[in-house]
K.L.:
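After the C-alpha cells below, expect a handful of questions from me.
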Number of protein chains: 2
Amino acid sequence: MATISDVAKLAKVSVATVSRFLNDSGYVGTKSRESIENAIKELNYVPSEVARSLSTKQSDIIGLIIPDIKNPFFPELARAVEDTAFEYGYTVILCNSDENAMKEKHYLEKLTKKYVAGIILTSIIEQENHWQNVKLPIVALDRPIDSKVATVTTNNQKGAELATSYLLECGAKNLLCISGPKNMTSSQTRIEGFKAALHRNGVDAHIIESPYDFEIAEKILYDYLKANPSIDGIFACSDASAIGALKAAHRLKLRIPEDIQIVGFDGIQVGNVVTPSLTTVAQNIYLLGQTAAELLIKQIEGQKLAQESICIDPELIIRETTRKERSE
Amino acid sequence: MATISDVAKLAKVSVATVSRFLNDSGYVGTKSRESIENAIKELNYVPSEVARSLSTKQSDIIGLIIPDIKNPFFPELARAVEDTAFEYGYTVILCNSDENAMKEKHYLEKLTKKYVAGIILTSIIEQENHWQNVKLPIVALDRPIDSKVATVTTNNQKGAELATSYLLECGAKNLLCISGPKNMTSSQTRIEGFKAALHRNGVDAHIIESPYDFEIAEKILYDYLKANPSIDGIFACSDASAIGALKAAHRLKLRIPEDIQIVGFDGIQVGNVVTPSLTTVAQNIYLLGQTAAELLIKQIEGQKLAQESICIDPELIIRETTRKERSE
DNA sequence: TTGAAAGCGATACCAG
DNA sequence: CTGGTATCGCTTTCAA
C-alpha cells in the first residue's frame, strides 16, 4: 500500500502539499497538482482513513444499535439509515443488542473506541443513563431515552387513536387491545391512545400483554379468544401480534373480518402478504430512519440542535381485516 | 479522552508497560499491574482502536456487502454474520450494493481505506475481477465470484431437484419453473436441477423468468397462468416469486394445492405466514452466514485455506401449497 | 521486568 | 505557493 510520502517522493513535492491537494485545503500550484495526480495514479494510492482519523479525531462511521435486524421492522429502518449515511459520505456499523443491556453497553463502548462520529440507538435502556458518559452525538430512534438526547419517534398516541376509532366506526363493539412488553414506552403510549379513543366513545375494553412475536401471540390469543368469544375487534400494538391474532382466529374458525376485525401497528411488509391482508397503522419506517440519520449528521457536522425531537405521523392503511360499514 | 500516556503518567510507569499490560504481551510486574489498573479506572481510560489500527495495520472490522437488507433473505444472514463476528470480537459494517456494480466498487474501496480486516460479499459482479486488486481476505457468500476466493453457497442443484421431484411425486403433471434473473448463477443452477429432475422422469416443462420480487412476479404469473390453464405445478426459484405465484393463482380463483401446487426456494419467514403456507426448499440461511464469517475470520487470523469452498445442503419444508398424494 | 524511542500515515501550524 | 515538522495514540523492538 502506497502512502502519502511515497506519493510526495514520486511527485517531488512535500507531504504537506500532497495533503493539501487531497483535502482541497490551501494552495497547490498547477505543476504540483499535476505531478501529484500522476503519482497517485501510478502508485494506485488510496489514503488511509485510519491515519486520518487518528490525526483529526474524527471519522465517517456511524454506529447503529438496534435490537435485532431479523425483526421485520428493522431492515427497512437500517436501510434508510444506510442510504442517508451513504448520501452524506458516511458508513454504518450494525449492532444487534438483542434487547440486552449488557450487549448494548458493550457496543456503546466498542463504538466509542473506534471514534465513530455518532450513534443512532434504539435502546432497551430507557431509564438508566449510561449514555451520559458517551460524549458522542446520539439520536434515539423509536424509543426516547433522555430528554437531552435528540429523538425520532412515531406519534404512537395518535396512531392508536386512529386505529381504535376506525375499529369502532366499523362496528366493533367488544374491543381487545394486545399490548407489547410493559417496559416499552411506545407500547404504553399506544395503550394510552387506545384508552383515549374508547373513552371518547364510552366503550370499555380488555387489554392483554404479549411480546412482539407472532408465534407467542398466536398461542396467547388462541386461549384468550376461546375464553372470550364475545370479542369482535382487536387492536394490536404490533403487526407481529396482529398476525398472531389472525392465525389464532383462523384456528378458531372465526371469520375475518365478519366475526372479528383486526388492526395492527407498524406497517411491516408481511402484513400485506398475509391472508386476509392486514389493516394496520403504518409507521413511516423509512422516513424514521432517514430523519434520524439526518439529525445525527447535522449534530456531527456541528449544528447544535438543542434537544430537537421529531415525531412522525403514522398512517392508517385499510386492508382486509376490517370491514367498513359506517356502524349503520 | 484519556490516552495511554496519561495512564502511564498516573501509574508512574512507561507507556510501553501499559501497552504490554493492555495486550497481555510481555512481562508486567505485579506492582505495575496494580497501579495501571487503578489509573485506568480513575481516568476512565478506553484505548483507541484507531491508533492501534494505525500501528498494527489491522482492525477488527468486517465489511459485509449485500444487495439489500430489505430483501427478506438478508436480515437473517446479516444477523448470523454479526453474531459470529461478535463472538470472535469483530464488528461489522453493513453495505447495501443494490445489485449495482458501481456501488459495490465504491464500498470495496471505502472498506479498503478503513483497513477492514476482511470482507464478506454477495456480489453482483460474477464475471469481472475487480476484487483481484483487493488484497484483503474475502469470502463470497451465496454467489461465487472467483475460483480463488473462498465461497459459501447452498447446494442449489440438489435443492431444485428435491423440489421438482417432490412436485412430481405429489401428482403434478404440467410443470412451470419460475427462474430468477439470467445473470444469477444460483438461479441458473436451480434451473439445471429442475431440468435434471424432469429428465429423469421424462416430463417436459415451461420456464419463465421473473425478478425476485413478489409484486412483479404476481403480474407476470397472472398473465401466464391465465394463458396456460393446464399448469398444475410450479417450482419457483425464490420464495418471493412463489408468493407472487400464489397471489396470482388466488386472483384466478385457482385452488391451492388442489388445482395448482407451488414449491418455493429460500425458506424466508414470510413463507410460513402466508395462506396457505408455502412448501419450500429452505436454505440454511443462518448457517450460511455463520460459515462465511468463520471462514473469513480464519483467513484473517492467518490460516490459509486455499480456495476452500463450502456448499450447504438445503432442506425441503413441506407445508400447505403441495398435496402429498403418492401420485395416485 | 521495564523504558526510550522509532514508527504507523495522515493533518496542520509555521516559516520561508 | 511550498516544505519542515510536531502531533494524534498506540505498538514494538532493543537495551538496560
Side-chain angles (χ1 to χ4, degrees), chain A residues 1-37 39-40 43-61 89 109-117 135-136, chain B residues 1-37 39-40 43-61 89 109-117 135-136:
Chain A
M1 270 269 120
T3 72
I4 195 172
S5 66
D6 296 333
V7 174
K9 225 164 281 166
L10 187 62
K12 297 198 194 312
V13 297
S14 74
V15 293
T17 306
V18 179
S19 174
R20 261 180 258 124
F21 168 85
L22 255 22
N23 300 290
D24 263 330
S25 57
Y27 299 102
V28 179
T30 332
K31 281 188 295 188
S32 306
R33 164 162 281 116
E34 217 167 297
S35 51
I36 292 174
E37 276 167 350
I40 289 180
L43 294 170
N44 218 288
Y45 167 72
V46 179
S48 153
E49 301 229 333
V50 175
R52 175 176 297 173
S53 263
L54 182 60
S55 82
T56 61
K57 287 166 157 314
Q58 292 179 349
S59 86
D60 56 8
I61 300 180
E109 186 168 309
K110 191 97 185 174
L111 291 174
T112 310
K113 283 191 198 176
K114 291 192 190 309
Y115 289 173
V116 297
K135 299 284 190 299
L136 300 161
Chain B
M1 270 268 123
T3 74
I4 196 172
S5 66
D6 296 333
V7 174
K9 227 164 279 165
L10 187 62
K12 296 196 193 314
V13 297
S14 74
V15 292
T17 307
V18 178
S19 174
R20 261 179 257 124
F21 169 85
L22 254 23
N23 300 292
D24 264 331
S25 57
Y27 300 100
V28 178
T30 332
K31 282 186 296 188
S32 305
R33 164 163 280 116
E34 218 167 298
S35 50
I36 293 174
E37 277 168 351
I40 289 180
L43 295 170
N44 218 288
Y45 167 72
V46 179
S48 152
E49 302 231 331
V50 174
R52 175 177 297 173
S53 261
L54 181 59
S55 81
T56 61
K57 287 165 155 313
Q58 292 180 348
S59 85
D60 57 7
I61 301 182
E109 185 168 310
K110 191 96 185 174
L111 291 174
T112 310
K113 283 191 198 176
K114 292 191 188 308
Y115 288 172
V116 297
K135 298 285 191 301
L136 300 161

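Labels below follow one simple rule: chain letters A, B, ... track the order of the sequence lines, proteins then strands, and each chain is numbered from 1.
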K.L.:
Of all residues at least two apart in sequence or in a different chain, which pass the side-chain contact (heavy atoms from CB on, under 4.5 Å) check with B:Glu37?
P.N.:
B:Phe21, B:Arg33
K.L.:
Could you give all pairs that pass the salt bridge (charged side-chain N to carboxylate O under 4.0 Å, His left out) test and reach residues 11-20 of chain B, with sequence neighbours left out?
P.N.:
none
K.L.:
Quick one: how far along DNA chain C does chain A reach, first to last nucleotide 5' to 3', anything under 4.0 Å to a heavy atom?
P.N.:
C:dG9 to C:dA12
K.L.:
In chain order, what residues pass the side-chain contact (heavy atoms from CB on, under 4.5 Å) check against A:Ala117, with sequence neighbours excluded?
P.N.:
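Partners of A:Ala117 under the side-chain contact (heavy atoms from CB on, under 4.5 Å) test: A:Ser59, A:Tyr90, A:Ile300.
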K.L.:
According to side-chain contact (heavy atoms from CB on, under 4.5 Å), who are the partners of B:Gln58, at least two apart in sequence or on a separate chain?
P.N.:
B:Thr56
K.L.:
Should A:Ile36 and A:Leu22 count as side-chain neighbours, where that means a heavy-atom distance under 4.5 Å?
P.N.:
no
K.L.:
Suppose we screen for side chain to side chain donor-acceptor pair (under 3.5 Å). Which residues come up paired with A:Ser5, at least two apart in sequence or across chains?
P.N.:
A:Thr3
K.L.:
Report the distance from atom CD1 of A:Ile36 to atom C1' of D:dG3, rounded to the nearest whole Å.
P.N.:
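Taking CD1 of A:Ile36 and C1' of D:dG3, I get 12 Å after rounding.
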K.L.:
Of all the heavy-atom pairs spanning B:Ala51 and A:Leu54, show the shortest one and how long it is.
P.N.:
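That closest heavy-atom pairing would be CB-CD1, 3.8 Å.
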K.L.:
Need the bend value for the helix from C:dT1-D:dA16 to C:dG16-D:dC1: angle between end axes, 5 pairs each end, nearest 10°.
P.N.:
40°
K.L.:
Does B:Ser53 reach a base, just sugar-phosphate, or nothing at all? Heavy atoms under 4.0 Å.
P.N.:
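Touches nothing.
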K.L.:
Test of understanding: with side-chain contact (heavy atoms from CB on, under 4.5 Å), list the residues that count as partners of A:Ser19, not counting sequence neighbours.
P.N.:
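A:Ser19 satisfies side-chain contact (heavy atoms from CB on, under 4.5 Å) with A:Ile4, A:Asn23 once adjacent residues are dropped.
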K.L.:
Any salt bridge (charged side-chain N to carboxylate O under 4.0 Å, His left out) pairs touching residues 45-59 of chain B, not counting sequence neighbours?
P.N.:
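Residue pairs with at least one partner in residues 45-59 of chain B: A:Lys114-B:Glu49.
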K.L.:
Applying side chain to side chain donor-acceptor pair (under 3.5 Å), can you list everything that pairs with B:Ser53, at least two apart in sequence or on another chain?
P.N.:
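Result, side chain to side chain donor-acceptor pair (under 3.5 Å) vs B:Ser53: none returned.
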K.L.:
In B/S/- notation, 5' to 3', how is nucleotides 5-16 of chain D contacted by protein heavy atoms closer than 4.0 Å?
P.N.:
B--BBBBB----
